[in-house]
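A, B, ... follow the sequence lines: proteins, then strands. Residue 1 opens every chain.
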There are 2 protein chains.
Amino acid sequence: MGTQPRGPGQRAGLDRNAVLAAARRVLVDRGAHGLSMRALARELGVAPNALYSHVSDKNDLWDLVIDDVLGHVPVPDETQIAADPVGAIREVMADSFEVLVTHPDLMPQILARQGARGVQAQKLGVVTLNALAAAGVAGDEARDALRVLIVNTVGFAAFAVEDGVIPVDEIRGNHARSLDWLLTGILGR
Amino acid sequence: MGTQPRGPGQRAGLDRNAVLAAARRVLVDRGAHGLSMRALARELGVAPNALYSHVSDKNDLWDLVIDDVLGHVPVPDETQIAADPVGAIREVMADSFEVLVTHPDLMPQILARQGARGVQAQKLGVVTLNALAAAGVAGDEARDALRVLIVNTVGFAAFAVEDGVIPVDEIRGNHARSLDWLLTGILGR
DNA sequence: ACCTGAACACCGTTCAAGT
DNA sequence: ACCTGAACACCGTTCAAGT
């Protein structure tokens, strides 16, 4: 729409939030594979290196994007956890799977950074630990259980590659059953 | 060692096996991240595009490398499976974890191709299904169980990134415990 | 502080040509 | 059939300079 090219020193009016918003758009349009610094700059109508004023590097961008995605997972409230802790755990994991499976090509990055350390990720971790405690699982066992549940859910989401031979419905079913099995084991029958 | 540069038409004496062997070397030296077509060509003292005579593309190379890695997992024999099927399952998964954790940065690729379809991968799948059958799990349930066990094992191996804050020993412990829980659930207490 | 231009050291892959 | 040279369309990141 007639955006004039800028010379050196002319501002584009970017900030960390605008960069994230653009990253979201590139992510849904071109997938995680297509989310490059240069493609992101193109989306913003900006020189590639301009991004480094708002993001320290691509790793920082990944952290931003991943926690943004995890922010879409609904968090069960305390009364719900108290009423049905096991149901709450099942729900968090099922909801997480649904959100994660939207971007299966993003999951490798999540696993490779050991489950994401962002604000949203930690929030999900805390409520799951609370639910486990309410279900009678605490201490080392709870930490183990949380990690197993995360690896399982992220792993199945990663398993659901776009051009995959296996339909997502089937993988969703696998994930649900794995949840049953894990909870049986964790809760000690 | 005085290797003369070749002109067009001069053979380098490559074959699919030599390419794989070089890929193995690059993989241990520079990691999965450093295993590029160009780096592989450099290792072989050959032009980058020369590889396309022995490998259809990089995806094909990944398939080759992944199945090669999986080939290092010891396969339990039939008598062992018959004697202690559950122990055999536990052993295959633990052994797989040990082999896979050697190249944690390779695991994202494995998950993204839905568990590897190579010869070695299928062999491991068949013996695990046999062990499940011997333990009384068959049909759909066995197929589900196999997939859950694979996702869990590959997922934990992916979780063990090199520069990770979490030591491998701890992740190995998590994996062992997750195996217990899963088997408890799968075998119906 | 926020941006551009130019550059560096990379990628995967294709196409034409040589033997 | 197996290889090289050259090229195309990309990467992430840094450095100097402009306002």
Side-chain angles (χ1 to χ4, degrees), chain A residues 2-23 26-27 29-66 105-106 108-109 112-113 161 163, chain B residues 2-23 25-27 29-66 105-106 108-109 112-113 163:
Chain A
T3 311
Q4 306 298 352
R6 278 177 309 281
Q10 321 226 12
R11 311 270 163 129
L14 293 187
D15 58 4
R16 213 172 149 81
N17 233 299
V19 171
L20 173 57
V26 175
L27 188 64
D29 289 358
R30 316 226 190 297
H33 185 77
L35 179 53
S36 66
M37 295 296 273
R38 295 184 105 103
L40 182 53
R42 225 175 292 133
E43 169 78 21
L44 287 162
V46 116
N49 45 0
L51 299 173
Y52 291 85
S53 296
H54 307 97
V55 140
S56 64
D57 56 8
K58 198 178 181 186
N59 209 55
D60 188 26
L61 178 67
W62 279 128
D63 285 337
L64 223 60
V65 168
I66 287 172
D105 47 351
L106 208 66
Q109 290 287 341
R113 66 196 63 217
V161 273
D163 63 334
Chain B
T3 311
Q4 305 298 351
R6 279 176 307 282
Q10 319 225 16
R11 310 272 165 125
L14 293 188
D15 57 7
R16 212 171 150 82
N17 233 299
V19 171
L20 173 57
R25 270 175 276 146
V26 176
L27 189 64
D29 288 358
R30 316 227 189 295
H33 185 76
L35 179 53
S36 66
M37 296 296 273
R38 295 184 106 102
L40 182 54
R42 224 174 293 134
E43 169 77 21
L44 287 162
V46 118
N49 45 2
L51 299 173
Y52 291 85
S53 296
H54 307 97
V55 140
S56 63
D57 56 8
K58 199 179 180 186
N59 210 56
D60 188 25
L61 179 67
W62 280 128
D63 285 337
L64 222 60
V65 168
I66 287 172
D105 47 350
L106 208 67
Q109 290 287 341
R113 64 196 64 218
D163 62 334

> Expressed in angstrom and rounded to an integer, what is the separation of B:Lys58 atom NZ from C:dT14 atom C1'?
Replying inline: 17 Å
>> For A:Arg42 and B:Ala47, find the nucleotide of DNA chain D closest to each by heavy atoms; which residue's nucleotide sits nearer the 5' end?
In response: B:Ala47
> B:Met37 CE to D:dC8 C1': how many Å, rounded?
Replying inline: 17 Å
>> How many whole angstroms separate atom CG of A:Leu35 from atom C1' of D:dC10?
In response: 15 Å
> If the P atom of D:dA9 is compared with that of C:dC10, how far apart are they to the nearest Å?
Replying inline: 22 Å
>> On DNA chain C, compare the nucleotides closest to A:Ala50 and A:Arg38; which residue's is nearer the 5' end?
In response: A:Ala50
> Does a side-chain N or O from A:Arg6 land closer than 4.0 Å to OP1 or OP2 of C:dT4, or not?
Replying inline: yes
>> Could you tell me how far apart B:Asn17 (CG) and D:dC2 (P) are, to the nearest whole angstrom?
In response: 14 Å
> Do B:Leu40 and B:Lys58 touch side chain to side chain, with heavy atoms closer than 4.5 Å?
Replying inline: no
> Is there a Watson-Crick or G-U wobble partner for D:dT4 with both distances under 3.5 Å, and if so, which one is it?
Replying inline: C:dA16
> Out of B:Leu61, B:Leu14, B:Leu44, which one pairs with B:His54 under the side-chain contact (heavy atoms from CB on, under 4.5 Å) rule?
Replying inline: B:Leu14
> Quick one: B:Asp57 CG to C:dT13 P, roughly how many Å, whole number?
Replying inline: 5 Å
> B:Leu44 CG to D:dC3 P: how many Å, rounded?
Replying inline: 10 Å
> Does B:His54 have a side-chain nitrogen or oxygen under 4.0 Å from the phosphate oxygens OP1 or OP2 of D:dA1?
Replying inline: no
>> Taking pairing as Watson-Crick or G-U wobble with both contacts under 3.5 Å, can you name the mate of D:dC10, or confirm there isn't one?
In response: none
>> How long is the straight-line distance from CZ of B:Arg25 back to CG of B:Leu35, given to the nearest 0.5 Å?
In response: 12.0 Å
> Within this structure, what is the CZ-to-P distance between B:Arg16 and D:dC2, rounded to whole angstrom?
Replying inline: 12 Å
> Closer than 4.0 Å, any side-chain N/O of B:Ser36 to the OP1 or OP2 of C:dC11?
Replying inline: yes
> In whole angstrom, what separates B:Leu51's CG from C:dC11's P?
Replying inline: 12 Å
> Counting only heavy atoms not in B:Arg30, do more than 12 fall under 6.0 Å of its CZ?
Replying inline: no
>> I need the minimum non-hydrogen distance between A:Met37 and A:Asp57, along with the two atoms involved.
In response: CE-C, 4.5 Å
